[in-house]
Amino acid sequence: QVQVVESGGGWVQPGGSLRLSCTTSGPTFSVYDIGWFRQAPGKERELVTAINWSGGLTFYTSSVRGRFTISRGQAKNTVYLQMNSLEPEDTAVYYCAAQQPGTSEYEYWGQGIQVTVSS
């Protein structure tokens, strides 16, 4: 089974920036489509951004478009989420998830990482 691990969360003031990292690993090396989800207390989990296996296709939900950037590192098993101009509404637990290319199911999930934006 694939292991998914997030890092880089924490607390920032409104207008600040954070960079999250997501790495995947398993018995054999594989490249996956990656999605970042978030869930705030009392709200549904939502897909924030996603990137396909090659890095050539990306998606952003409208609330973060222009502020967040998803990208792949040179190591294809690492994906970054650069979050700029953070707002209190961005406060949530952020989850990284992986799906095999050609499928529509995020099969592997990280445990989540807290992002808090407040003054």
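No hydrogens, no waters, no symmetry mates; every other heavy atom, side chains included, goes into these values. As the structure is a prediction and not an experimental result, all values here were calculated from the model.
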Enquirer: State, yes or no, whether a side-chain contact exists between Pro88 and Pro14 at a heavy-atom distance under 4.5 Å.
Expert: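 Result yes, sub-4.5 Å side-chain heavy-atom pair found.
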Enquirer: Holding to side-chain contact (heavy atoms from CB on, under 4.5 Å), I want the full list of residues that pass it with Glu89, two or more places apart in sequence or in another chain.
Expert: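 For Glu89 the side-chain contact (heavy atoms from CB on, under 4.5 Å) partners, ignoring immediate neighbours, are Glu87.
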Enquirer: Could you go through the side chain to side chain donor-acceptor pair (under 3.5 Å) check for Ser17 and Asn84 one step at a time?
Expert: CA-CA 4 Å; Ser17 298; Asn84 297 328; 2.9 Å; yes
Enquirer: Would you find a donor on one side and an acceptor on the other, under 3.5 Å apart, between the side chain of Arg72 and the backbone of Asn52?
Expert: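 Judged by distance alone, yes, a pair lies under 3.5 Å.
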Enquirer: Taking it one step at a time, do Phe59 and Leu47 satisfy side-chain contact (heavy atoms from CB on, under 4.5 Å)?
Expert: CA-CA 9 Å; Phe59 162 84; Leu47 176 63; 3.8 Å; yes
Enquirer: Roughly how far, to the nearest 0.5 Å, is the CG atom of Leu86 from the OG1 atom of Thr91?
Expert: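 The OG1 atom of Thr91 sits 8.5 Å away from the CG atom of Leu86.
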Enquirer: Please lay out, stage by stage, how Thr61 and Thr49 fare under the test side-chain contact (heavy atoms from CB on, under 4.5 Å).
Expert: CA-CA 6 Å; Thr61 192; Thr49 182; over 6 Å; no
Enquirer: Drop me the distance from Leu57's CG to Ile70's CD1, to the nearest 0.5 angstrom.
Expert: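 It comes to 11.5 Å.
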Enquirer: Drop me the distance from Tyr94's OH to Gln39's CD, to the nearest 0.5 angstrom.
Expert: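 Between Tyr94 OH and Gln39 CD, I get 12.0 Å after rounding to 0.5 Å.
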Enquirer: Enumerate donor-acceptor pairs with a distance under 3.5 Å from any side-chain N or O in residues 109-117 to protein atoms, sequence neighbours excluded.
Expert:
from: Trp109; atom 1: NE1; to: Tyr106; atom 2: O; distance (Å): 2.9
from: Gln114; atom 1: NE2; to: Thr116; atom 2: OG1; distance (Å): 3.3

Enquirer: Going only through I, L, V, M, F, W and Y residues with side-chain contacts under 4.5 Å, is there a path from Tyr60 to Ile51?
Expert: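 Linked, Tyr60 and Ile51 end up in one cluster.
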Enquirer: Suppose we screen for side-chain contact (heavy atoms from CB on, under 4.5 Å). Which residues come up paired with Thr103, at least two apart in sequence or across chains?
Expert: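 Testing Thr103 for side-chain contact (heavy atoms from CB on, under 4.5 Å), a comparison that skips the adjacent residues, returns Gln99, Gln100.
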Enquirer: Report yes if some heavy atom in the side chain of Phe68 is under 4.5 Å from a heavy atom in the side chain of Asp90; otherwise report no.
Expert: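 Sidechains of Asp90 and Phe68: in contact.
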Enquirer: If you group Ile, Leu, Val, Met, Phe, Trp and Tyr by side-chain heavy-atom gaps below 4.5 Å, do Tyr95 and Leu81 land in one group?
Expert: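 In one cluster with Tyr95: Leu81, no.
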Enquirer: Same cluster for Phe37 and Ile34 if Ile/Leu/Val/Met/Phe/Trp/Tyr side chains link at under 4.5 Å?
Expert: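 No, because Phe37 and Ile34 fall into different hydrophobic clusters, even though each may have its own neighbours under 4.5 Å.
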Enquirer: Apply side-chain hydrogen bond (donor to acceptor under 3.5 Å, both in side chains) to Gln3 and list each qualifying residue two or more places apart in sequence or on a separate chain.
Expert: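 Gln3: no side-chain hydrogen bond (donor to acceptor under 3.5 Å, both in side chains) contacts found.
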Enquirer: How many angstroms lie between atom CE of Met83 and atom CZ of Arg38, to the nearest 0.5 angstrom?
Expert: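 Going from the CE atom of Met83 to the CZ atom of Arg38 covers 9.0 Å.
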Enquirer: Using 0.5 Å steps for rounding, measure from the OH atom of Tyr32 to the NZ atom of Lys76.
Expert: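 Here the rounded value is 16.0 Å.
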Enquirer: According to a hydrophobic-cluster definition based on side-chain heavy atoms being under 4.5 Å apart (Ile, Leu, Val, Met, Phe, Trp, Tyr only), do Val79 and Tyr108 belong together?
Expert: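 In one cluster with Val79: Tyr108, yes.
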Enquirer: Indicate the atoms forming the closest heavy-atom contact of Val4 with Ala98, along with that distance.
Expert: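 Heavy-atom minimum between the residues: CG2-CB, 4.3 Å.
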Enquirer: Show me the pairs that pass disulfide (SG to SG under 2.5 Å) and involve residues 63-113, at least two apart or across chains.
Expert: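 Residue pairs with at least one partner in residues 63-113: Cys22-Cys96.
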Enquirer: Just to verify, what does Ser21 make a side-chain contact (heavy atoms from CB on, under 4.5 Å) with, not counting sequence neighbours?
Expert: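 So Ser21 forms a side-chain contact (heavy atoms from CB on, under 4.5 Å) with Ser7, Tyr80.
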